[in-house]
2 protein chains.
Amino acid sequence: MDKHQHKDPAEKLSELGYRMTPQRMMILNAVHNATDHISAEEIYSQVRGQYSHLNLSTVYRTLELLKNLKLVTESDFGEGKVRYHSAEKGHHHHLVCQKCGDVNDVNEAVFTSLTDKLSGDYNFTADLRHLTIFGQCAKCNK
Amino acid sequence: MDKHQHKDPAEKLSELGYRMTPQRMMILNAVHNATDHISAEEIYSQVRGQYSHLNLSTVYRTLELLKNLKLVTESDFGEGKVRYHSAEKGHHHHLVCQKCGDVNDVNEAVFTSLTDKLSGDYNFTADLRHLTIFGQCAKCNK
DNA sequence: TTTGCTATTGCCAACATTTGCAAGCAGCGT
DNA sequence: ACGCTGCTTGCAAATGTTGGCAATAGCAAA
Ligand SMILES: [Mn+2]
Ligand SMILES: [Mn+2]
Ligand SMILES: [Zn+2]
Ligand SMILES: [Zn+2]
């Protein structure tokens, strides 16, 4: 059994008055089973395979909800559409290279000095989930 | 005269093979004269007052160009549209409160420890212009 | 000037995402 | 079982932004 068992999503939803519908379940699974960051359109066509009645708006609305519940995170790598990631896969941020397009993960620990400073100097509690930083990567810096 | 005179935009453009057209001039002025962060649509209707032939696509394309030349910066405060800011008004980032919607400026010095760390640990040269950080502001933290 | 090259524009259609609305469904009290 | 209420969905339309394309305008060489 998983010692770090989080509250299961259905429970988390109903606690706040929401319902765990088949659509939401399937969308959540799609994000969870994705090997990489997945887009709304990709989720849509994947889930549509088993439930052809699904509407794209429902995908967007569900992702918005899951994002607010911190079950998924959203990232914009500048490709004109946004991508999603299961929150269970740990917190991290992204470095996107503006030259070669490479995307790399950064541990969120790198940001603690920043959030501490924002908290100390501005009394601002930063909500830094899945931040995307643009710049030039190691390879392109050579 | 201005001791810190930057190269004038027209010069900067032509150096790179671009042209300073009336449209570009008017759009640049609109961003420059704005007291606050201005949206594409706002620029459009403002410039249209003096030049009714202008097309919205031109506004977007011009802003994209000016952004690449670092004459303007772009920020997304999460209102569903993006806003622009003249680069001459100094570098800074933004703290957006998720509770009250308040937007505050942060000096970019707050981010030097972060960029240093990204440079040292990842050899990644971060391009942090006009970053937007979401969270909870001082007022809402009380 | 005239010509030629290419950057730029307007127009329109596509795209990613959000919204309004009316129908459907779950839960709850009667 | 019935009806109320509020959550959820599909559908279609709207929104903000980008892209293709053909016509035009700016610039420089001839
Ligand atoms: Mn990620
Ligand atoms: Mn600004
Ligand atoms: Zn790179
Ligand atoms: Zn606030």
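Everything numeric in this text was worked out from a predicted model, so none of it was measured. All chains are named by letter (A, B, ...) in the order of the sequence lines, taking the proteins before the strands, and each is independently numbered beginning at 1.
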Any protein N or O atoms within reach of nucleotides 8-10 of chain C? Criterion: under 3.5 Å, listing atom names and distances.
unit_1 : atom_1 : unit_2  : atom_2 : d
C:dT8  : OP1    : B:Arg19 : N      : 2.4
C:dT8  : OP1    : B:Arg24 : NH1    : 2.3
C:dT8  : OP2    : B:Arg24 : NH2    : 3.4
C:dT8  : O5'    : B:Arg24 : NH2    : 3.2
C:dT9  : OP1    : B:Thr21 : OG1    : 2.7
C:dT9  : O3'    : B:Gln23 : NE2    : 3.0
C:dG10 : OP1    : B:Gln23 : NE2    : 3.3
C:dG10 : OP1    : B:His53 : O      : 3.4
C:dG10 : OP2    : B:Asn55 : N      : 3.3
C:dG10 : OP2    : B:Thr58 : OG1    : 2.3
C:dG10 : N7     : B:Arg61 : NH2    : 2.8
C:dG10 : O6     : B:Arg61 : NH1    : 3.3
C:dG10 : O6     : B:Arg61 : NH2    : 3.4

Checklist outcome for this item: Per-helix bend value, the helix from C:dT1-D:dA30 to C:dT30-D:dA1, C1' rotation axes over five pairs per end, 10° rounding, shows 10°
Next on the checklist: For B:Glu64, is there an ion pair with B:Lys67 - N to carboxylate O distance below 4.0 angstrom?
Outcome noted: yes
Checklist outcome for this item: Nearest heavy-atom contact between B:Ala40 and B:Val59 is O-CG1, 3.7 Å
Checklist entry - Around B:Tyr18, counting heavy atoms of other residues, nucleotides and ligands shown, do more than 12 lie under 6.0 Å from its OH? => result no
Checklist outcome for this item: The single option from A:His91, A:His92, A:His93 that satisfies ring pair (Phe, Tyr, Trp, His ring centres under 6.0 Å) with A:Phe111 is A:His93
Item to check | Between B:Asp105 and B:His94: side-chain donor-acceptor atoms closer than 3.5 Å | outcome: yes
Item to check | Atom-to-atom span, CD of A:Glu74 to P of C:dA16 - whole angstrom | outcome: 15 Å
Checklist entry - Separation of B:Met25 atom CE from D:dA25 atom P, in whole Å? => result 18 Å
Checklist entry - Rounding to a whole Å, what distance do you find between A:Leu66:CG and D:dT8:P? => result 11 Å
Next on the checklist: Please check this pair: side chain of B:Thr112 against backbone of B:Glu108, looking for a donor-acceptor N/O pair closer than 3.5 Å.
Outcome noted: no
Could you list, one pair per line, each protein nitrogen or oxygen that sits under 3.5 Å from a nitrogen or oxygen of nucleotides 14-16 of chain D, together with the distance?
none

Item to check | Side-chain touch B:Leu28/B:Met20, heavy atoms, less than 4.5 angstrom | outcome: yes
Checklist entry - Just how far, in rounded Å, is C1' of C:dG27 from CG of A:Leu13? => result 16 Å
Next on the checklist: I'd like to know if the side chain of B:Lys89 reaches the main chain of B:His32, judged simply by a donor and an acceptor atom lying under 3.5 Å from each other, with no hydrogens or angles considered.
Outcome noted: yes
Checklist entry - Is it the case that more than 12 heavy atoms not belonging to B:Lys99 sit under 6.0 Å from its NZ atom? => result no
Checklist entry - Do we see a donor-acceptor contact under 3.5 Å between the side chains of B:Thr132 and B:Asp76? => result no
Checklist entry - What is the distance, rounded to the nearest whole Å, between atom CD of B:Glu15 and atom P of C:dA7? => result 17 Å
